[in-house]
Amino acid sequence: MSKRIPFKGTALVGVSLVAGCAVPPVSTSGGGGPGMPQAADVQQPVAMAVNSTDQQFVSNLGPGNSSEIALSQLALQHASSQAVRQFAQRMVTDHTQAGQQLQQAASQAGMTVPQDIKPEDQAASQQLSNLSGMAFDRAYMAKMVADHEKTVTLFETEIRQGQNTAIKGFAQQALPTIQDHLRQAREIAGGSQAAPTS
């Protein structure tokens with residue numbers, strides 16, 4: 001009997017190695033056999049995996065979010081229309097919150113969110129800073145419409161093709177707000193709300 005004990009342990013180690021488990025076949029959870037930790041090991045990497053869609057989503061949304069905040073802070077200083085100023089304040093509030101939520105989701109996925117504004121958005125900010133009155137309002141709102149059209153597409157692509165559950169969950173939760181931003185931006189840009197208030 002004493003000679004079979006090390007043989008039995010060797011057999012168990014061999015089973016655990018075949019199953020791809022790098023730890024000894026001693027259960028620390030108190031339940032189940034070697035199959036229980038094996039199932040957990042298979043599921044966890046799938047849930048936390050990151051594909052190219054997730055990477056593109058985060059790498060584009062981080063700088064885009066920073067740009068929305070910077071341009072809208074500029075609008076709070078230069079806009080002549082009350083509707084435009086109110087929209088700009090909503091952009092600062094909503095995109096600041098979205099940025100925090102994105103950081104949290106990306107952290108769960110083991111990703112870093114870039115914050116630097118892209119060169120084309122820096123150029124747009126410089127152009128807007130040279131405008132005032134209705135000229136500023138129209139240019140700012142046109143930029144908001146164009147940016148949010150791209151952002152909605154970015155979110156929809158992540159929801160359809162993304163793999164990481166944290167990143168996809170953020171996109172699903174935030175998309176309705178982004179869609180409402182686009183709706184409101186179109187209304188202001190296409191209506192009389194961009195006219196200055198006296």
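- With 3.5 Å as the limit, one finds no donor-acceptor pair spanning the side chains of Ser81 and Asp137.
- No side-chain donor-acceptor contact under 3.5 Å links Lys150 and Asn60.
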Discussion item. Glu149 vs Arg186, test: side chain to side chain contact (heavy atoms under 4.5 Å, CB included). Steps then yes/no.
Written reply: CA-CA 10 Å; Glu149 286 175 344; Arg186 284 171 171 168; 3.1 Å; yes

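- Under the 3.5 Å distance criterion, the side-chain polar atoms of Thr93 are left unmatched by any main-chain donor or acceptor of Arg90.
- Between the CD atom of Gln161 and the OG atom of Ser52 there is a distance of 8.0 Å, given to the nearest 0.5 Å.
- Between the side chain of Ser72 and the main chain of Glu68, a donor-acceptor pair closer than 3.5 Å is present.
- Rounded to the nearest 0.5 angstrom, Thr165 OG1 and Asp54 CG are separated by 9.0 Å.
- Both Met91 and Leu74 belong to a common hydrophobic cluster when Ile, Leu, Val, Met, Phe, Trp and Tyr are linked at side-chain heavy-atom distances under 4.5 angstrom.
- Gly133 and Ser80 make their closest contact through C-OG, 3.4 Å (heavy atoms, listed as atom of the first residue, atom of the second, distance).
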Practice prompt. Run the numbers on Glu158 and Val58 for side chain to side chain contact (heavy atoms under 4.5 Å, CB included), then give the verdict.
Written response: CA-CA 10 Å; Glu158 169 60 25; Val58 172; over 6 Å; no

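- A 6.0 Å sphere centred on CG of Asn51 holds more than 12 heavy atoms belonging to other residues, nucleotides or ligands.
- At a threshold of 4.5 Å between non-hydrogen side-chain atoms, the residues His78 and Leu128 do not count as touching.
- By the criterion of side-chain heavy atoms lying less than 4.5 angstrom apart, applied directly or through intervening Ile, Leu, Val, Met, Phe, Trp or Tyr residues, Leu154 is grouped together with Val113 in one hydrophobic cluster.
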Distance-only donor-acceptor pairs under 3.5 Å for side chains of residues 141-148, two or more places apart:
residue: Lys143; atom: NZ; partner: Asp121; partner atom: OD1; Å: 2.8
residue: Lys143; atom: NZ; partner: Asp147; partner atom: OD1; Å: 3.2
residue: His148; atom: ND1; partner: Met144; partner atom: O; Å: 2.8
residue: His148; atom: NE2; partner: His95; partner atom: NE2; Å: 3.4

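- Going from atom OG of Ser132 over to atom CD of Gln77 covers 13.0 Å, rounded to the nearest 0.5 Å.
- Other residues sharing the hydrophobic cluster of Ile117, ordered by chain and number and joined by side-chain separations under 4.5 Å: none, the residue standing alone.
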Item to complete: Show the numbers, then the answer: is there a side chain to side chain contact (heavy atoms under 4.5 Å, CB included) between Gln163 and Val50?
Response: CA-CA 6 Å; Gln163 184 172 354; Val50 175; over 6 Å; no

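- Across Ala171 and Phe57, no two heavy atoms sit closer than the pair CB-CZ, 4.0 Å.
- Cluster membership for Ile69 and Leu61, using ILVMFWY side-chain heavy atoms within less than 4.5 angstrom, is not shared.
- Closest heavy-atom contact between Ala79 and Val84: CB-CG1, 3.6 Å.
- Note that CZ of Phe170 is 4.5 Å distant from CG of Leu102, once rounded to the nearest 0.5 Å.
- Rounding to the nearest 0.5 Å places CG of Leu76 at 11.5 Å from CG of Leu71.
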Practice prompt. Apply side chain to side chain contact (heavy atoms under 4.5 Å, CB included) to Gln82 and Arg85, showing your working.
Written response: CA-CA 5 Å; Gln82 180 65 22; Arg85 287 196 296 269; 2.8 Å; yes

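- In this view, Leu175 and Val152, Phe155, Glu156, Ile159, Gln179 satisfy the side-chain contact (heavy atoms from CB on, under 4.5 Å) rule, not counting sequence neighbours.
- Ser67 places no side-chain N or O within 3.5 Å of a backbone atom of Pro63 that could act as its donor or acceptor partner.
- Atom CD1 of residue Ile178 and atom CD of residue Gln173 lie 11.5 Å apart, to the nearest 0.5 angstrom.
- Within 6.0 Å of the CD atom in Gln101, the count of heavy atoms belonging to other residues, nucleotides or ligands exceeds 12.
- Proximity of a side-chain donor or acceptor of Ser66 to a complementary backbone N or O of Gln115 within less than 3.5 Å is detected.
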